[in-house]
Amino acid sequence: DVKVTQSSRYLVKRTGEKVFLECVQDMDHENMFWYRQDPGLGLRLIYFSYDVKMKEKGDIPEGYSVSREKKERFSLILESASTNQTSMYLCASMSEGSMNTEAFFGQGTRLTVV
Amino acid sequence: QKEVEQNSGPLSVPEGAIASLNCTYSDRGSQSFFWYRQYSGKSPELIMFIYSNGDKEDGRFTAQLNKASQYVSLLIRDSQPSDSATYLCAVNIPPYGAQKLVFGQGTRLTINP
């Protein structure tokens, strides 16, 4: 059974804190993604990675960074958390190849910044 | 222009009718297209993917792709109350070999008994 696991289901952090969201996949996938989901806005791509130590900015990278030191792990970092980063964060992974590939999602982390 | 656009709805359809969901995309280099379903409080789950022009059928679901017009649609026949969910269109845009999976804002569908 394929699995993408996010480290926390719910998280509450204070403004200005450095926050780490962890995502681990066990499918040996090359591609991993971080999205945030807000009502009415769908899934917005923050960062994605197509290989170890390789990363690309998505559509809303401001205020975030990422780390991919190992193939199975992709971390999202909020350098200094702000209230407008309160959201649902979803991690996904996908195999290599542009055709017939499915992205698998983690269970999501609901982050509240107070 | 957004990379992937959907009507946010909400879309309300009577039980047993056909629900039609539409999506447009901006990048002509896009190669594969996906429809995900997301129930409230849950993660998205894949319904169908399509990468060739035309129709692709899977049970009550039909995906339609028109690359010339840059749109992809999803038809749900014999709609059931359990189909009530948010439907997300996703497009795989491959910049220089990487895989960039971009989603639309989702269409909220309600099937009325």
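What you see below is based on every heavy atom in this structure, not just the backbone, and it leaves out hydrogens, waters and symmetry mates. Each chain gets a letter, A, B and so on, in the order its sequence line appears, and its residues count up from 1.
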Do B:Gln31 and B:Asn92 come within less than 4.5 Å of each other through their side chains, counting heavy atoms only? no

Could you have a look at B:Val4, B:Ile50, B:Leu101, B:Leu88 and say which one has the most heavy-atom pairs with chain A under 4.5 angstrom? B:Leu101

Where on A:Glu30 is there a heavy atom nearer than 4.5 Å to chain B: the side chain, the backbone, both, or neither? neither

B:Gln38 versus chain A, heavy atoms under 4.5 Å apart: side chain, backbone, both or neither? side chain

What residues of residues 103-113 of chain B sit under 4.5 Å from chain A when you count only heavy atoms? B:Phe103, B:Gly104, B:Gln105

Do the side chains of A:Cys23 and A:Trp34 get nearer than 4.5 Å, heavy atoms only? yes

Answer with side chain, backbone, both or neither: which region of B:Tyr36 has an atom nearer than 4.5 Å to a non-hydrogen atom of chain A? side chain

Which donor-acceptor pairs under 3.5 Å do side chains of residues 72-79 of chain A form with protein atoms, sequence neighbours excluded?
unit_1  : atom_1 : unit_2  : atom_2 : d
A:Ser75 : OG     : A:Glu22 : OE1    : 2.5
A:Glu79 : OE2    : A:Ser65 : OG     : 2.8

Looking at A:Ser49, A:Gly42, A:Ala92, A:Gly106, which has the largest count of heavy-atom pairs under 4.5 Å with chain B? A:Gly42

Taking only Lys NZ, Arg NE, NH1 and NH2, and the carboxylate oxygens of Asp or Glu, determine whether B:Asp58 and B:Lys56 approach each other closer than 4.0 Å. no

Are there over 12 heavy-atom neighbours, none belonging to A:Arg14, within less than 6.0 Å of that residue's CZ? no

For the residue pair A:Leu43 and A:Phe105, establish whether any side-chain heavy-atom pair is separated by less than 4.5 Å. yes

Under the salt bridge (Lys or Arg N to Asp or Glu O under 4.0 Å) rule, what pairs show up with a residue in residues 33-46 of chain B, not counting sequence neighbours? B:Arg37-B:Glu45

Pairs flagged by side chain to side chain donor-acceptor pair (under 3.5 Å) wherever residues 80-90 of chain B is involved - sequence neighbours left out: B:Arg60-B:Asp83, B:Asp78-B:Gln80

Partner of B:Cys23 under side chain to side chain contact (heavy atoms under 4.5 Å, CB included), picked from B:Tyr71, B:Phe33, B:Trp35, is B:Trp35

So, the part of A:Leu90 with a heavy atom under 4.5 Å from chain B: the answer is side chain

Interchain contact, A:Asp51 with chain B, by part (heavy-atom threshold 4.5 Å): neither

